[in-house]
Amino acid sequence: MPELPEVETTRRGILSVLKNQTITQVVVRDARLRWPVSPDFAQRLTGQRVLDVERRAKYLLITLARGTVIWHLGMSGSLRILAVGTPPQVHDHIDVVLSSGRLLRFNDPRRFGCALWTGDDPMQHDLIAHLGPEPLSEVFDPVYLADQAKGRKVAIKQFIMNASVVVGVGNIYASEALFRAGIRPKRMAGQIKRDEFQRLVRAIKVVLADAIKVGGTTLRDYVNANGTPGYFRQKLFVYERAGEPCRSCKTPIQQVTQGNRSTYYCPQCQQ
DNA sequence: ATGGGCACCTGGCTGC
DNA sequence: TGCAGCCAGGTGCCCA
């Protein structure tokens, strides 16, 4: 699913609805997510006031008066705001019911997502502590990325998808950013030139920011908190466009496999 | 430390 | 029509 723009769009959609509300009930219909939902998950949340909804990488962090909910949407998950009483559909695994009469509903067909409560600093949690910088922050700059890439033989596409290097760049936006930067996805990270890192960092920031503006990219499952899809798909240059003409030079877009994931690029525009 | 490959799971599409 | 095979917005873990 969701890469950073989709998670950020979800965060913005649920923030004002959740903030300052009290959780009156939590219903776990299916606890079999990536990690089983803890038996005390509902009890930890019930009766608590929501103070804030933040994001770190692709994790949503719901700050409660006591503790934090760490929520990940996996490949196919979505969080929606609905009225209490809305009948659950297939794959609707968790409801968080609010005092306002609305509820937060988690749907995840593939169950790669997770939801857990922690009473400690969420930034120190095992899932989060090791993560690299946020791509839209100032610390993510060409000097940082070039330094991280020194001596690395891994392909540049897999390198920018490595959450220890930089977070939030998933399979769609990795291909899109490399196209915009004019860099071949299979080149070794350590061989990328200084000016190319400048273009790449700029491309990552621009493509993510542009996607957030239009609510992210919907390929199959993803919908935002209101149930509407993201519209960035219309602005994709290469992703899922194998064989179609490059929007810039008309050369057919190539598809290759890297790390068991599909990569798309223009053999003319990207060198 | 680094890189590669697999696993987790459901559903939709393709081709025989 | 049926079914096997392949593919899909992620990422932790195991192995060499």
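The sequence lines fix the lettering, A, B, ..., with proteins before strands; numbering per chain opens at 1.
The separation between A/Arg56 atom CZ and C/dG10 atom C1' is 16 Å, rounded to whole Å. Going from atom CE of A/Met188 over to atom P of B/dG4 covers 11 Å, rounded to whole Å. As a whole-Å value, the separation of A/His93 NE2 from B/dC9 P is 12 Å. Between A/Arg220 atom CZ and B/dC9 atom P there is a gap of 20 Å when expressed in whole angstrom units. Here C/dA8 presents its C1' atom at 17 Å from CZ of A/Arg111, a figure rounded to the nearest Å. Rounded to an integer number of Å, the gap from CG of A/Leu33 to C1' of C/dG12 is 16 Å. What separates CD of A/Glu240 from P of C/dA8 is a distance of 8 Å, to the nearest Å. Spacing between atom CG of A/Asp126 and atom P of C/dG12 amounts to 10 Å, rounded to whole angstrom units.
The base of C/dT11 lies close enough to the side chain of A/Arg34 for a donor and an acceptor atom to sit less than 3.5 Å apart.
OP1 and OP2 of B/dG11 both lie 4.0 Å or more from every side-chain N or O belonging to A/Arg110. Under 4.0 angstrom from either OP1 or OP2 of C/dG12 there lies no side-chain N or O belonging to A/His72. A sub-4.0 Å separation between OP1 or OP2 of B/dT10 and a side-chain N or O of A/Ser76 is absent. The shortest distance between the side-chain N/O atoms of A/Lys153 and the OP1/OP2 oxygens of B/dT2 is not below 4.0 Å. In this structure, A/His130 does not reach the C/dT11 phosphate: none of its side-chain N or O atoms is under 4.0 Å from OP1 or OP2. Side-chain nitrogen and oxygen atoms of A/Arg261 include at least one within less than 4.0 Å of the OP1 or OP2 phosphate oxygen of C/dG10.
Nucleotides C/dC3 and B/dC9, compared at atom P, are 23 Å apart to the nearest Å. The separation of B/dG11 from C/dT11, taken at their P atoms, amounts to 22 Å, rounded to a whole angstrom.
Classification of A/Asp210 and A/Lys213 as a salt-bridged pair holds, one side-chain N sitting under 4.0 Å from a carboxylate O. Ion pair A/Glu196/A/Lys193 not flagged as a salt bridge, since none of the NZ, NE, NH1 or NH2 atoms sits closer than 4.0 Å to an Asp/Glu carboxylate oxygen. Here A/Lys235 does not pair with A/Glu176 in a salt bridge; the nearest charged N to carboxylate O distance is not below 4.0 Å.
Nucleotide B/dG12 is matched to C/dC6 when pairs are restricted to Watson-Crick or G-U wobble geometry with both distances under 3.5 angstrom.
Under 3.5 Å, the side chains of A/Thr217 and A/Tyr231 contain no donor-acceptor pair of N or O atoms.
Residue contacts shown for A/Asn260 include a base, since a base heavy atom lies under 4.0 Å away. Within 4.0 Å of A/Gly259, counting heavy atoms only, lies no atom of the nucleic acid at all.
In this structure, of C/dG12, B/dG3, C/dA8, it is C/dA8 that holds the atom nearest to the side chain of A/Ser262. Taking every side-chain heavy atom of A/Tyr59 into account, C/dG12 is the closest of C/dG12, B/dT10, C/dG10. The nucleotide whose nearest atom lies closest to any side-chain atom of A/His91 is, among B/dC9, C/dG10, B/dG11, B/dG11. Nearest nucleotide to the side chain of A/Tyr264, out of B/dG3, B/dC6, C/dA8: C/dA8.
For the pair A/Glu3 (side chain) and A/Ile172 (backbone), a donor-acceptor distance under 3.5 Å is present.
For A/Arg202, the CZ atom counts as loosely surrounded, since its 6.0 Å shell holds 12 or fewer non-hydrogen atoms of other residues, nucleotides or ligands.
The aromatic ring of A/Phe112 does not stack onto the base of B/dC9, failing the criterion of a centre distance under 5.5 Å from the six-membered base ring together with planes under 30° apart.
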